[in-house]
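Order of the sequence lines sets the chain letters (A, B, ...), proteins ahead of strands, with each chain counted from 1.
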Amino acid sequence: MKQRIGVYICHCGGNISDYVDVEQLGKLMAKENGVLISKNVMFACSDSTQKEIEQDIEENKLDSIVVASCSPKLHTHTFRNVAIRAGLNPYNYTQVNIREQCSWAHSDKPMDATIKAYGLIRAGINRVSYSEVLESLEISAQKVVAIIGAGVAGMRAAVDLARMDNQVYLIEKGNTVGGHVAQAGRLFPTNENGKEVVDRLYQRIRQQSNITLFTNATLEKVSGSIGNFWIEVKLGSEELKLNVGSVLVTTGFDFYDPKEGEFGYRLSDRVITLPDFNKMVENSKGKLIHNGKSVKSVAYIYCVGNRQSKGENRYCSRQCCTAAIHSSLHVHEKFEDMTAYHLFRDIRTYGKQELLYQQSSKNGDIYIRFEEKEPPVVELKNGNPTIKVKDYLTTKRELTLDTDLVVLVTGMVPRTDSNSVSSKLKIPIGIDRFFNEIHPKLKPVETVIKGVYIGGACQGPKNINESVQSALSGAAKINATLKSGNINLEPIIARVNADSCLWCGKCAEVCEYDAISSIANGGKLIAEVNKATCKGCGICAPTCPSNAIELAQFTDNEIESMIDGLMSKAEISPRVESQQNNQKAGVQSLAGYPKIWRTIANALEGNTLTIPQIAEKIDQEASLVTWHLMTMNRYGFVESAGLNDNEDYFMYKLKK
Amino acid sequence: MSIDKTKYDALVVGGGIAGQEAALSLADMDYKVLLVEKDLSIGGKMIHLSKVFPTLDCAACITTPKMSETARHPNINLLLNTNILEIEKDNGIFSIALTIRPKYVKEDLCTGCQLCEWVCPVIVDDGFNNNMVGRKAISIAFNLANPKVAAIDMNHCIKCKKCEIACVPKAIDYSMQPQNISIETKTVIISTGFNLFKPENKPQYGYGKYPNVIDAMQMDRLIAPTRPYNSVVRPGDGKIPDKIAYVLCTGSRDTSIENAIGCSVDCANNPICSQICCMYSIKQAQLLMGALPLADITIYYMDIRAFGKGYEEFYQQAKGMGVSFIKGKIAKITQKDHNSGDLILRYEDVTTGTLKEAKHDLVVLSVGVLPNNEIAKVFTNQKLELDDQRFIKQVDELLSPSLTSIEGVFVAGTAAGPKDIPDSILSAGSAASEAASYINNI
């Protein structure tokens with residue numbers, strides 16, 4: 001049992017303290033068994049608080065710490081590192097979540113949120129008092145990377161990983177490299193040709209002797225874990241088993257395939273998708289010819305298969321607006337006397353791509369805005385399309401357009417085989433059905449499976465430049481992980497008590513990661529946990545009939561003590577507004593401060609007033625009074641005295 | 001720290017989110033990195049923000065651990081309040097001349113206790129809070145600053161010595177001088193970020209003239225946990241606003257700015273889209289619906305560009321919460337009368353094709369992104385080229401997005417063009433990958 005516990009309860013700058021009475025909890029926790037220090041902090045994660053905790057650990061010889069702040073998903077590593085720097089074992093620290101689980105979830109009931117936080121923090125203290133010293137597992141790692149998918153993202157990442165001295169296996173399902181880009185024709189924003197871009201990249205791959213490219217290769221099975229994955233690949237009739245340290249998934253996307261009849265698609269050869277249209281533009285010389293007929297006018301219908309507020313693709317595919325406009329510019333440049341109608345919802349030519357939109361407008365392209373609830377209707381007479389659309393840019397006037405061609409600007413969708421890839425690699429799928437990263441800002445290319453990274457459009461719509469950036473980001477992370485040849489793994493894994501284990505095999509049956517097998521021990525078989533493969537999910541522990549397998553950090557002692565902590569009765573008194581950190585200033589005199597401060601203070605002497613009332617009283621601009629009053633408030637000379645009767649202004653008073 | 005303080009593998013210029021990410025990525029690969037920041041703390045623009053779209057994580061929760069990791073990484077040296085004077089390339093090595101501006105507070109002694117700040121009688125504009133409130137002439141740059149040490153604003157200091165007397169560890173030193181140093185590095189990463197459009201340069205919107213016209217960065221401060229007013233109130237008179245307007249594309253997608261009064265190169269025509277303003281405005285609108293449940297919020301827009309992962313869904317969510325979206329460009333903003341401080345917005349409602357006027361009690365200008373390209377001037381014997389919009393030019397935008405016109409110099413984040421935070425982070429990771437590949441093959 002720990003006897004020198006430090007407890008830190010975070011305000012999260014108001015995110016927690018606006019609802020949970022953290023000051024009172026801080027005082028209550030100081031009385032708990034084993035607690036030596038209990039503090040309230042503004043931002044536990046800030047550098048200065050981290051330093052303060054380190055100092056406390058060192059000076060007071062704390063044997064464990066509890067941080068009550070946000071979700072452990074955010075900051076477990078932050079505070080483990082604090083412990084490490086102060087010489088405390090990082091597993092003698094427990095995170096308690098009083099933000100997502102208390103203040104945010106129960107913002108309507110601050111008292112109840114405080115009571116719940118009380119239980120959770122007590123549970124955390126009880127748990128940490130049973131915490132053990134754990135050491136992370138060091139394993140050796142192969143400096144070898146498998147990249148799944150040889151589109152531009154995968155190819156480009158292969159080049160850098162190879163240049164950073166990793167062996168790379170580039171695994172492509174199709175028989176050629178370059179994915180969609182190889183067939184895309186002219187690309188925005190550089191006007192390079194897709195095939196040429198892919199050729200250029202392919203030459204760079206060929207220059208790297210440490211890249212092995214497999215085409216017509218399918219991913220069959222993945223086993224192992226970070227540092228040592230086994231990737232089974234089928235090459236025709238041949239089967240390969242590759243030992244790699246890390247995996248980068250760059251399997252890309254499919255274009256949305258419109259349903260039969262969607263804007264007349266497949267009912268007439270004059271309704272085609274943008275990728276097909278681009279091929280046609282690329283292959284036509286002098287005149288734009290489609291199935292033997294000359295094309296003089298084109299209507300582009302945007303957001304096909306995307307931004308469906310009720311359909312399955314609610315997201316925006318981000319690159320299609322620019323792609324369509326770029327095609328239209330190409331057509332204008334290449335063929336004479338072309339008319340272009342753009343039927344759009346919002347034009348999303350973000351960033352510098354806006355210039356393409358402006359050029360298209362200058363070229364005389366006609367932009368017609370529709371809304372989702374009133375989409376354009378394509379009617380076909382003898383296969384010739386007529387479009388009826390209400391233009392929201394001209395007071396919803398109904399327009400009828402006869403065009404030679406209707407181009408459906410189709411969005412991006414997850415690949416049809418993405419489920420098979422995700423299930424082999426256990427990558428989570430998001431609501432949009434693309435692969436999901438852990439966090440868009442904190443871990444944008446990492447997945448929940450350590451050592452498996454995602455890049456490019458398999459994680460959501462991206463243009464070429466963005467796909468390359470995310471794949472290279474993944475390359476940087478992979479190189480950092482594999483560079484030393486060693487990887488440290490979490491010690492929070494299952495462990496077996498050899499005495500009580502009777503090897504019934506139930507734990508191995510439920511283990512999703514194939515981490516448990518049997519081993520001979522003292523004349524009997526017992527279960528053995530593969531430390532590198534075990535993910536610490538804990539599913540084995542409750543299945544064991546003889547209670548012989550447990551999860552580190554989640555032992556019976558720890559769990560039961562947490563329940564005790566949660567069940568204990570809270571004696572919380574109603575909140576008393578605290579003075580926080582402005583106390584010391586209240587007694588300062590105003591000598592030396594700006595003259596207007598003294599004037600404001602005089603006006604407030606014995607009064608509570610709103611800013612306009614003060615301004616009127618001292619005959620100054622209200623904006624000037626606001627600036628100074630707020631500064632006086634900041635330094636503790638005045639404070640808010642609640643709302644006025646109309647509830648539209650705060651009133652202020654002098655601080656005692 | 002076991003770093004040779006004169007020789008590095010990489011110099012990272014700018015300690016915003018992109019610079020931190022690039023420095024951390026390289027340092028994790030065991031390269032020695034010098035991160036140079038011109039301000040008093042790392043954190044860049046992101047540390048100013050309240051919450052971030054589309055997850056509504058609090059910005060501090062995402063960025064302070066990264067700041068802390070950057071400041072502590074054994075392979076990263078940090079220089080703050082530092083300017084780069086010259087970068088010269090010779091035989092593949094970059095020689096850098098730097099000057100560290102004095103803080104007048106000894107960094108190694110200061111504990112960040114703020115006793116000096118409490119006693120200082122001189123009030124100056126608080127830049128961190130976009131001048132909506134005052135702070136002392138000696139202060140810590142902001143609550144979550146890293147490093148958390150005080151600095152004196154010598155332009156305003158009256159040398160009354162109150163701080164010197166109050167400071168227990170005797171960290172105050174009025175005689176500090178700029179310190180010039182030089183270092184060598186194999187590669188340079190430019191992550192100098194962007195400038196926000198100065199809304200004064202769109203005089204028809206009344207910014208600077210009407211106190212209740214603010215810019216979006218000011219609004220982000222008003223709703224941040226470390227906010228200046230403890231509540232969302234108007235800077236004009238402290239009123240709790242109940243009819244708030246957002247004017248999108250202020251200083252973006254706009255070619256009519258060039259004749260603005262006092263306009264410098266800063267505010268010349270900005271034809272491009274800034275890529276972030278639609279989303280940050282929608283974010284603020286959602287947060288305001290939470291902070292001021294009774295307020296009406298209207299967003300005047302040209303196109304809503306909710307293009308990233310989860311962004312369209314976030315936009316639809318705002319509509320569902322009751323935020324009004326009106327397609328129309330605001331022509332002019334005038335103050336109704338001095339007393340009420342309310343504002344009249346004149347606009348063309350595109351849906352009905354009519355000119356309309358609307359009254360709001362607080363107007364937020366969603367200002368755009370302009371290049372910050374000062375760094376290009378310090379290269380002495382090489383030319384760092386800029387693109388047509390004066391961002392750092394990407395010479396192979398599709399396949400090597402971080403390459404610049406100088407071999408060994410890479411660009412990360414918004415220095416190359418407008419980007420949101422996730423894209424800036426990815427671009428920084430990508431720059432780190434390209435820089436590491438480059439160093440490994442010199």
Between [X] and chain A, which part of the residue has a heavy atom less than 4.5 Å away: side chain, backbone, both or neither?
{"X": "B/D387", "value": "side chain"}
{"X": "B/P235", "value": "backbone"}
{"X": "B/N129", "value": "side chain"}
{"X": "B/E397", "value": "both"}
{"X": "B/D423", "value": "both"}
{"X": "B/D125", "value": "both"}
{"X": "B/K51", "value": "side chain"}
{"X": "B/C61", "value": "both"}
{"X": "B/N230", "value": "side chain"}
{"X": "B/K239", "value": "both"}
{"X": "B/T351", "value": "both"}
{"X": "B/Y301", "value": "side chain"}
{"X": "B/S402", "value": "neither"}
{"X": "B/V233", "value": "side chain"}

For chain B, find which of [options] contributes the most heavy-atom pairs closer than 4.5 angstrom.
{"options": "A/N306, A/T626, A/D391, A/L187", "answer": "A/T626"}
{"options": "A/H628, A/Q353, A/E621, A/K396", "answer": "A/E621"}
{"options": "A/R369, A/E192, A/E466", "answer": "A/R369"}
{"options": "A/F650, A/F43, A/Y649", "answer": "A/Y649"}

Looking at B/Y31, I'd like to know if the NZ or CZ of A/K483 sits under 6.0 Å from its six-membered ring centre while staying within 45 degrees of the ring's axis.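 Positive - A/K483 is close enough to the ring of B/Y31 and near enough to its axis.
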Within 45° of the six-membered ring axis of A/Y635 and under 6.0 Å from that ring's centre, is NZ or CZ of B/K136 located there?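 Satisfied, under 6.0 Å and within 45°.
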Determine, using ring centers only, whether [Y] and [X] are less than 6.0 Å apart.
{"X": "A/Y315", "Y": "A/F434", "result": "yes"}
{"X": "A/Y367", "Y": "A/Y357", "result": "yes"}
{"X": "B/F325", "Y": "B/Y315", "result": "yes"}

Under 4.5 Å from a heavy atom of chain B, the part of [X] involved:
{"X": "A/L643", "value": "side chain"}
{"X": "A/R99", "value": "side chain"}
{"X": "A/S69", "value": "neither"}
{"X": "A/H77", "value": "neither"}
{"X": "A/N436", "value": "both"}
{"X": "A/V197", "value": "both"}
{"X": "A/Y652", "value": "neither"}
{"X": "A/P461", "value": "neither"}
{"X": "A/V445", "value": "side chain"}
{"X": "A/S470", "value": "both"}
{"X": "A/D160", "value": "both"}

Examine distances only and state if a side-chain atom of [X] and a backbone atom of [Y] form a donor-acceptor pair shorter than 3.5 Å.
{"X": "A/Q50", "Y": "A/C45", "answer": "yes"}
{"X": "A/R156", "Y": "A/A471", "answer": "no"}
{"X": "B/D361", "Y": "B/P241", "answer": "no"}

Option that, when pairs with chain A are counted at under 4.5 Å, heavy atom only, ranks first among [options]:
{"options": "B/P211, B/P65, B/S25", "result": "B/P65"}
{"options": "B/P418, B/P401, B/A224", "result": "B/P401"}
{"options": "B/G134, B/P54, B/A27", "result": "B/G134"}
{"options": "B/S427, B/A60, B/A432", "result": "B/S427"}
{"options": "B/G353, B/G429, B/C278, B/C273", "result": "B/C273"}
{"options": "B/N441, B/L399, B/D57, B/I421", "result": "B/L399"}

Look up atom OG in A/S107 and atom CG in A/D18, then write down how far apart they are to the nearest 0.5 Å.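 Going from the OG atom of A/S107 to the CG atom of A/D18 covers 10.0 Å.
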Could you give the distance from CE (B/M279) to CZ (B/R305), rounded to the nearest 0.5 Å?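 Here the rounded value is 13.5 Å.
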Give a yes-or-no answer on whether the side chains of [X] and [Y] include a donor-acceptor pair shorter than 3.5 Å.
{"X": "A/N633", "Y": "B/Y229", "answer": "no"}
{"X": "A/T610", "Y": "A/N644", "answer": "no"}
{"X": "B/R253", "Y": "B/S274", "answer": "no"}
{"X": "B/E348", "Y": "B/T354", "answer": "no"}
{"X": "B/N440", "Y": "A/D165", "answer": "yes"}

The single option from A/R348, A/Q308, A/R314 passing side chain to side chain contact (heavy atoms under 4.5 Å, CB included) against B/E312: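 Per the side chain to side chain contact (heavy atoms under 4.5 Å, CB included) rule, the option paired with B/E312 is A/R348, out of A/R348, A/Q308, A/R314.
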Stepwise side chain to side chain donor-acceptor pair (under 3.5 Å) test for A/D47 and B/S68: CA-CA 5 Å; A/D47 202 63; B/S68 179; 2.9 Å; yes
State, with a plain yes or no, whether a side-chain heavy atom of B/E434 is found less than 4.5 Å away from one of A/R163.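 Side-chain contact under 4.5 Å: no.
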Let's go through A/R307 and A/E372 carefully: what are the C-alpha distance in whole Å and the side-chain angles of both, what is the deciding distance for salt bridge (Lys or Arg N to Asp or Glu O under 4.0 Å) to 0.1 Å, and is it a yes or a no? CA-CA 8 Å; A/R307 296 186 66 191; A/E372 190 189 14; over 6 Å; no
